[in-house]
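One structure is given here, and the rest of the page talks about it.
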Amino acid sequence: MNMRFKEVILAPMNLLYRIKPELCLKIIYRLKTGRKLNLNNPKTYSEKLQWLKLNYKNKLLPICADKYRVRQYVKKCGLESTLKKLLWEGYDPNDIPFDNLPQKFVIKVTHGCGWNIICKNKNLLSIPKTIKKLKRWLKQKYLPCYGEWFYGVIKPRIIIEEYLDDGTGKVPKDYKIFCFHGEPKYIAAHVDRFINHRRKMYDIEWKPFPITARYVDHNLHVEKPKELDKLLEYARILSKEFIHVRVDLYIVNSKIYFGELTFADEAGFGTISPKEMEKKISSWIKLPLPK
């Protein structure tokens with residue numbers, strides 16, 4: 001669904017969230033999952049993610065949800081070598097030095113998800129359209145009614161990073177590592193993100209993790225990366241400050257690159273089956289439940 005259309009449709013919910021955030025999340029949760037949201041005693045993984053959005057106010061979340069400021073956190077963790085080369089950053093798209101950029105690059109707006117422009121050939125890029133799009137994105141807020149309060153706390157800006165190219169012409173495999181209290185538990189290996197998006201779930205020993213969720217293809221086989229131990233080590237380092245976080249990493253020509261940190265996968269509205277596995281994943285989140 002187009003983001004602008006979403007904003008119009010969800011405008012009443014955005015207002016409701018300001019007044020009664022719990023009620024707002026309960027309504028959206030019911031619409032998204034078909035289930036009743038129990039915030040007093042959350043049991044499922046998705047319920048616990050909703051509880052965290054309302055109650056977990058770690059000051060690092062806004063910093064690490066911002067695609068520019070998170071670089072400081074990664075450096076502080078001693079993993080500066082995983083950061084993609086930063087070609088430019090600023091607040092005004094009119095200031096972007098397009099003439100000085102390489103043929104391939106990636107433009108991102110720092111306060112949300114999906115606001116990216118992947119340029120594989122600068123000669124084919126419409127600069128006026130790009131500037132117009134970036135201006136629109138900078139003004140948008142990331143769906144307040146979803147409760148992801150940590151997006152947009154820091155003033156949004158534009159960053160331009162190097163394009164990761166492994167020589168195949170495809171986007172590199174994306175390893176999304178789900179961590180709980182600083183420990184990796186399972187990995188979603190994403191392939192062909194912009195062509196035929198699929199993913200396969202694996203445990204930390206690279207055995208199939210038997211859950212069904214969005215984009216999961218059980219027939220897909222993703223080769224175990226030889227850098228798996230290092231991926232898990234980096235995920236532990238980057239997740240140690242959080243109750244729960246998804247650490248996104250890439251591998252290009254045997255080098256590991258940092259992607260982003262995500263604190264509520266699918267905004268906490270994704271569904272997982274079977275129920276036994278959903279309960280298992282939920283058990284890894286130890287909540288400081290209210291008295």
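Keep in mind the model is a prediction, meaning the values are calculated, not measured.
- Using a 4.0 Å cut-off between charged side-chain N and carboxylate O, R157 and E89 make a salt bridge.
- Side-chain contact between L287 and P42 is present, with at least one heavy-atom pair separated by less than 4.5 Å.
- Remark: R236 pairs with E183 by the salt bridge (charged side-chain N to carboxylate O under 4.0 Å, His left out) rule, at least two apart or across chains.
- Between the side chain of D66 and the backbone N or O of P156, no donor-acceptor pair lies under 3.5 Å.
- Checking Q103 against N121 by side-chain atom types alone, a donor-acceptor pair falls below 3.5 Å.
- Using a 4.0 Å cut-off between charged nitrogen and carboxylate oxygen, K84 and E260 do not count as a salt-bridge pair.
- No more than 12 heavy-atom neighbours from other residues, nucleotides or ligands sit within 6.0 angstrom of NZ on K43.
- Taking CG of L60 as the reference point, atom CZ of F263 lies at 7.5 Å (rounded to 0.5 Å).
- Using a 4.0 Å cut-off between a side-chain N of Lys or Arg and a carboxylate O of Asp or Glu, E161 and K85 do not qualify as a salt bridge.
- Listed for the Q50 side chain is a donor-acceptor partner under 3.5 Å among the backbone atoms of G268.
- Under a cutoff of 6.0 Å and an axis angle of 45°, K155 and Y91 form a cation-pi pair.
- Taking the ring centre of F269 as origin, the terminal cationic atom of K53 falls inside the region bounded by 6.0 Å and 45° from the ring axis.
- Side-chain N or O atoms of K286 include one that pairs as donor or acceptor with a backbone N or O of S283 at under 3.5 Å.
- K48 places a side-chain N or O within donor-acceptor distance of the main-chain N or O of I285, the cut-off being under 3.5 Å.
- Legend: ring-ring contact (aromatic ring centres under 6.0 Å, His included) pairs involving residues 198-234, not counting sequence neighbours, sorted by first then second residue: Y186-F209, H197-Y215, Y202-W206.
- Within 6.0 Å of NZ in K57 there are more than 12 heavy atoms belonging to other residues, nucleotides or ligands.
- Counted by atom type alone, S46 and K32 present zero donor-acceptor pairs between their side chains at under 3.5 Å.
- For the 3.5 Å distance criterion, the side chains of H244 and Y45 qualify, holding a donor opposite an acceptor.
- A cation-pi arrangement is absent between K75 and Y73 under the rule of less than 6.0 angstrom and at most 45 degrees off the ring axis.
- No donor-acceptor pair closer than 3.5 Å links the side chain of Q140 to the backbone N or O of W137.
- For K240 (side chain) and G182 (main-chain N/O), no donor-acceptor pair under 3.5 Å exists by modelled atom type.
- D165 meets the salt bridge (charged side-chain N to carboxylate O under 4.0 Å, His left out) test with K104; sequence neighbours excluded.
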